[in-house]
Amino acid sequence: MQKQINTATGATNKLLIMLHTKQIICGSVQFSIKEELEPHTLVGSLSEHFAPPYQLLTEEYLWMNKSTGNFYITEKKMDREHLCSEETKDDECIILQSVIVGPSRELEQFSVIIEDINDNAPYFENSKISLDISEDVPEGTSLMLDDQARDRDSGSNGQLKYKLKGSGGVFTLKVEEEGPLIMLVVQKALDRETLDLYQLQLVATDCGEQPLSVSVPIFVTVTDVNDNCPSFSPNSPLSATISGDSKKDTVVTQVIATDPDLGPNAAIVYSLSPKVSERAKKLLTLSSHSGHVRLTQDLEIDSSEDLVLKVLASGLHCPPAETQVTVSLLPKATQGLTIKIGFIAKHHNQTVVIPESQPPTPLAVLELEGDSSFKDSSLAIEGDVPFFLSPQSGKYLLSTSKPLDYEMKSEYHISVVVQGSSSERSVIAPPQREIRVMVEDVNDNAPHFSQTGYQLEVEENNEPALTLLQVSATDADSGLNGRVTYRLDKRTSAIFKVDSVTGQLSALVPLDREQKSVHQLTVFARDSGVPPLESQASVIIRVLDRNDNAPVFSTPHFIFFIPENAPPFAQVGMIEVEDPDEGENGKTELQIVPGNTSFAVDSVQRMLHTTTNLDREVTDCHELYLAVSDNGRPMALTSSARVTIFIEDINDNNPKVILPSSNYSCLVVSPGTPVGTNVTKVYAIDEDSGVNSEITYSVVAPKSVQQNSPFQVDSKSGNISLRQELLQEDMGMHNLFIVVRDNGKPTPLYTTVWINLLVNKSTDQCHLDRAPTWTGRSDWVESASMSPICEVETARSVQAIYFYLVLCMAVVTVVLFFTTACLFLKHRKCPPKKKTGHTEENEIPLRIKDKYYSDE
């Protein structure tokens, strides 16, 4: 799907969408076009719908005549299966085309429906289907076929029907539409001993006008059950002859019983019947496994004797089969011709054992022994066997004529007879010897997997010990050489296990896609030969995702700090969320739990930001909760986290004076007030926090004035106290200009207030008609430096006051000087007379009128 999206977005001004017919806008112009049309094929015209001229905006698949409105196929053919996804193949495949039409150059759209043609044959994902079925399954048993055919076409072109070939009536096919499910049904009883492998053909054909089909072979292997008992072969001898001077352990004959079953089901045990005579038991013994009858001692017999052996062949859960063998013992005097065998090759119990695949190899030397009347006789081999006799100095060399193949035939019985003998002088039939040759299996075939690579998909969180698949390998060798065992590579994780006998691969624990999404295993099939041979097959396991992980916040509690002067939409902090699932299961969406509108979160960038202006003095801390959910199916998973946002204070509030309530306030101070008495207090608050709310109080005035002022202010508490005893000259109004300043950074903020104190003996309440006026520079207030005097009614400067004061004092001094001089001269001329009475002396208090100082 991603590839289709990239293709669509890469095309200039083109919108490629897949819609159902019901989703097409009502009244739009539509055209139907078959896919795979040849270039320059006329497929439609807009002349009946719009006025010329015409201009098609994109010409990837269609080009248009600007005058006629006819549009044609471009050099790029339309492939419906490429343009529309396979998931929507049953819906209509529609391309929307944009065109500019008419003199007014209006933009219009028309839709092109791409009709499917049967241009894709069905296909099977696997090259063959293998099934194992027991031979004793009842008729009517159904076997599900996992591999189903697919067809990329749509409609009837993509509908499939199945039929079975080569079943011979033993199997039929059953197709259930729901699913669909394809079942192989056993119609006749199976017999592995009759046929152990059925090769069928499953044919899938679509329903197009010209149907296309595909076939896949089905190999049905019939497995063995113990449904047969041993029986003696027709080739098993009923009689045997042996000379009276034969040696101990000489093989007299071999009984042969067969069981058509396989493996342990075919095991045969030979035994003598209890009815056998003691004489026969004394001279002859029977091998329970091979059926060989041997002499138990050397013979020295001068007369003929017949021994009857009743032999039993027993199998698992079977009654024994019985045969009778008559052994004739010939006296030495009447032996006639004999065939003497001298073995060259490896032999055991009169049986030659030769490994397979050997070049022509000598096996034995044969020689005719008897009187001279048989000198014209010769030896020959009966039947067509890969052996031959070559005369050599009166003897015969028995050799193989070609390399033997155990897998083709494992045992040969060579019948050697005498030809050209003179039967007139002998009462004994011409001798015949049977030489048994066993082909020894060589481990020359490695196990062979039915397929070299296996791929499967499994959902994570599976049940423990879930069977994933069964690998299968066969070995053409026999016995231990053909016994196959399975194992995994030593580096394979311990969460996987393969059954060494059946090849069944299992996941021992639930798989976790988030830990590992693809597991690549190597399965080895090894035989038990010496040296062992093995082959390998790869298994790729893709773990499919399930929505088993909820989104997780990086912390359950996010803490952020943001200054209160942050503008709207300012970034507060990053919200880190992880969801280890993939696809839609791992896509997350953030949202704020309803209740807080001052903040919003961006799910794409995962950024928390403000939506309004913040004010720490209104709310200094915001608590909210975030929820995150994924898009998983069948149910979305969610998580939540707490977010605390502290609003950092900035110095945006001036101190607010509570006391005094106004600059018109006035307080009377008695001249007798003791030193250190708190006469009043300046009280202010600051709505900021921290250092921004720490307040200091100071009086703005020159140092000289402050030193002479009887009042002082405490910088921390704002208390105004009497710093020295009040004198006569302190009588009157004192206006203190107080600066209330915070310690905010980077620039402190301040507020000013007047403290008006009237030093007077009268206790009458005082009141100002006008508030004092600050006449100094503003930077003195801002820096709290020493500032000049404050005046209530006059605007004279301090310098002018000092000038006139000095001038007045000079004039007074001169006047006093001349007055004193005049009085002195007058006194000398006129002596003073005695006068009686009381002279009243007036006290004029010293008061500085209209001058008021402030203390810092």
Side-chain angles (χ1 to χ4, degrees), residues 235-256 270 272 276-287 290-311 323-345 347-352 363-382 389 391 393-398 413-437:
N235 297 327
S236 182
L238 300 178
S239 62
T241 302
I242 188 170
S243 63
D245 57 353
S246 297
K247 301 299 182 181
K248 180 181 178 180
D249 290 331
T250 300
V251 175
V252 178
T253 186
Q254 181 185 21
V255 292
I256 302 173
Y270 297 97
L272 293 176
V276 175
S277 65
E278 293 298 325
R279 171 69 174 168
K281 292 179 181 180
K282 181 179 179 180
L283 295 179
L284 302 173
T285 183
L286 174 66
S287 172
S290 65
H292 287 103
V293 178
R294 294 185 177 85
L295 291 176
T296 60
Q297 61 187 28
D298 295 338
L299 293 181
E300 291 292 338
I301 298 175
D302 296 327
S303 60
S304 299
E305 184 179 358
D306 291 334
L307 300 177
V308 178
L309 298 178
K310 290 186 177 181
V311 181
T323 189
Q324 181 173 302
V325 180
T326 301
V327 179
S328 299
L329 304 180
L330 302 179
K332 292 185 291 184
T334 58
Q335 289 179 23
L337 281 178
T338 60
I339 301 175
K340 184 179 179 181
I341 303 175
F343 293 103
I344 300 176
H347 64 283
H348 179 69
N349 294 332
Q350 303 297 311
T351 300
V352 177
L363 303 181
V365 174
L366 279 65
E367 182 179 1
L368 268 176
E369 290 184 346
D371 55 43
S372 59
S373 61
F374 299 97
K375 61 180 180 180
D376 295 331
S377 300
S378 62
L379 297 179
I381 296 176
E382 286 186 337
L389 288 172
S393 304
K395 299 180 181 180
Y396 297 86
L397 181 64
L398 176 64
H413 294 271
I414 307 172
S415 180
V416 179
V417 296
V418 178
Q419 293 180 341
S421 61
S422 177
S423 57
E424 296 178 357
R425 299 182 56 186
S426 176
V427 295
I428 303 299
Q432 177 178 340
R433 292 294 300 269
E434 186 177 89
I435 302 175
R436 186 183 182 204
V437 177

- Query: Could you walk me through whether Glu305 and Arg279 pass the side chain to side chain contact (heavy atoms under 4.5 Å, CB included) check?
  - Reply: CA-CA 11 Å; Glu305 184 179 358; Arg279 171 69 174 168; 3.0 Å; yes
- Query: At their closest point, which heavy atom of Asp298 faces which heavy atom of Lys248, and how far apart are they?
  - Reply: OD1-N, 2.5 Å
- Apply side chain to side chain contact (heavy atoms under 4.5 Å, CB included) to Thr326 and Leu238, showing your working. CA-CA 6 Å; Thr326 301; Leu238 300 178; over 6 Å; no
- Item | Straight-line distance of Ile414 CD1 to Ile381 CD1, nearest 0.5 Å | 6.0 Å
- Between Arg433 and Ile339, what is the shortest heavy-atom contact and its length? NH1-O, 2.8 Å
- Item | Shortest non-hydrogen contact from Gln254 toward Ser290 | NE2-O, 2.8 Å
- Evaluate the criterion side chain to side chain contact (heavy atoms under 4.5 Å, CB included) for residue pair His292 and Tyr270; output intermediate values, then yes/no. CA-CA 9 Å; His292 287 103; Tyr270 297 97; over 6 Å; no
- Message: Other residues, nucleotides and ligands only: do more than 12 of their heavy atoms fall within 6.0 Å of NZ on Lys282?
- Response: no
- Query: Can you tell me how far CD of Glu367 sits from NZ of Lys340, rounded to the nearest 0.5 angstrom?
  - Reply: 6.0 Å
- Task: Flag yes if more than 12 heavy atoms outside His413 fall under 6.0 Å of its NE2 atom; otherwise flag no.
- Result: yes
- Query: Does Val325 reach the side chain of Val293, with side-chain heavy atoms less than 4.5 Å apart?
  - Reply: no
- Query: Nearest 0.5 Å, what's the OG-CG distance between Ser239 and Leu309?
  - Reply: 11.5 Å
- Heavy atoms only: give me the nearest Gln297-Leu283 pair and the separation to one decimal. NE2-CD2, 3.0 Å
- Looking at Ala240 and Thr253, what are the two nearest heavy atoms and their distance? CB-CB, 3.8 Å
- How many angstroms lie between OG1 in Thr296 and CG in Leu284, if you round to the nearest 0.5 Å? 6.5 Å
- Message: We want to know whether Asn349 and Thr351 form a side-chain donor-acceptor pair, criterion being a heavy-atom distance below 3.5 angstrom.
- Response: no
- Message: The test is side chain to side chain contact (heavy atoms under 4.5 Å, CB included); show your working for Leu295 and Lys247 and say whether it passes.
- Response: CA-CA 7 Å; Leu295 291 176; Lys247 301 299 182 181; over 6 Å; no
- Between CG on residue Leu363 and CG on residue Leu398, distance to nearest 0.5 Å: 5.0 Å
- Message: With rounding to the nearest 0.5 angstrom, report the CG to NZ distance, Leu272 to Lys310.
- Response: 12.0 Å
- Taking the side chain as C-beta and beyond, is there a heavy-atom pair between Asp306 and Val327 under 4.5 Å? no
- Item | Shortest non-hydrogen separation from Ile256 to Ser236 and the atoms involved | N-OG, 3.1 Å
